[in-house]
Amino acid sequence: QVQLVESGGGLVQPGGSLRLSCAASGTFFNIYAMGWYRQAPGKQRELVAIITNGGSTNYADSVKGRFTISRDNVKLYLQMSSLKPEDAAVYYCNAEIQTIRFERREYWGQGTQVTVSS
């Protein structure tokens with residue numbers, strides 16, 4: 001099995017910055033991609049940003065120019081700047097992994113709360 005653990009959430013004021021981290025552990029053969037998703041109360045979980053094994057990135061239109069995703073091996077980061085109240089949500093780390101049994105699986109972290117309020 002693979003475990004993903006997020007950290008770095010908290011309370012920030014509008015216009016502030018926050019850095020989220022995610023660490024993957026366990027046994028696996030390869031990581032195809034890692035990404036951040038978020039879910040606000042009453043809304044569906046949505047993609048925030050994703051980074052592939054080749055280093056290419058994609059962002060939701062709502063966060064382009066404000067958020068930056070990066071990866072260092074099994075560690076994933078999301079640098080968030082110019083935060084808006086609508087960014088408030090539980091942020092989840094996601095990894096698409098080829099297991100040691102040569103299966104493709106998705107894993108999710110428990111989530112970390114981001115609150116944006118003055």
Quiz item: Salt bridge check: are K64 and D61 linked by an N-O gap of less than 4.0 Å?
Solution: yes

Quiz item: Between E103 and R105, does at least one N-O distance fall below 4.0 Å, as a salt bridge requires?
Solution: yes

Practice problem: Evaluate side-chain contact (heavy atoms from CB on, under 4.5 Å) for F102 paired with N30, printing each intermediate quantity in order. | Solution: CA-CA 9 Å; F102 307 106; N30 189 39; over 6 Å; no

For [X], is the [atom1] atom crowded, meaning more than 12 foreign heavy atoms sit under 6.0 Å from it?
| X | atom1 | answer |
| --- | --- | --- |
| Q113 | CD | yes |
| Q44 | CD | no |
| Q98 | CD | yes |
| Y32 | OH | yes |

Going from [atom1] on [X] to [atom2] on [Y], what distance comes out if it is rounded to the nearest 0.5 angstrom?
| X | Y | atom1 | atom2 | answer |
| --- | --- | --- | --- | --- |
| C22 | W108 | SG | CH2 | 11.0 Å |
| R71 | I50 | CZ | CD1 | 9.5 Å |
| F28 | T99 | CZ | OG1 | 11.0 Å |
| L76 | S21 | CG | OG | 8.5 Å |
| D87 | L18 | CG | CG | 10.5 Å |

[X]-[Y] co-clustered via ILVMFWY side chain contacts under 4.5 Å:
| X | Y | result |
| --- | --- | --- |
| Y37 | V116 | no |
| Y77 | L83 | no |
| F67 | V12 | yes |

Report yes if the side chains of [X] and [Y] come closer than 4.5 Å at any heavy-atom pair, otherwise no.
| X | Y | value |
| --- | --- | --- |
| E106 | N94 | yes |
| Y59 | T68 | yes |
| L20 | R38 | no |
| L11 | S117 | yes |
| C93 | W36 | yes |

If you look at every heavy atom in [X] and [Y], which pair is closest and at what distance?
| X | Y | result |
| --- | --- | --- |
| S17 | Q79 | CB-NE2, 4.0 Å |
| A88 | T115 | CB-CA, 4.3 Å |
| A89 | A40 | CB-N, 3.9 Å |
| A24 | L4 | CB-CD2, 3.4 Å |

Quiz prompt | Evaluation steps, side-chain contact (heavy atoms from CB on, under 4.5 Å), between V114 and M80 | solution = CA-CA 10 Å; V114 173; M80 304 184 293; 4.0 Å; yes

Quiz item: Under 3.5 Å, side chain of N53 to main-chain N/O of I31, donor-acceptor pair present?
Solution: yes

Exercise. Report the C-alpha separation of E6 and Y92 in whole Å, then their side-chain angles, then the decisive distance to 0.1 Å, and conclude whether the side-chain hydrogen bond (donor to acceptor under 3.5 Å, both in side chains) test is met.
Key: CA-CA 7 Å; E6 304 99 332; Y92 296 91; over 6 Å; no

Exercise. Would you please test I69 and M34 for side-chain contact (heavy atoms from CB on, under 4.5 Å) and show each step?
Key: CA-CA 9 Å; I69 189 171; M34 299 185 75; 6.0 Å; no

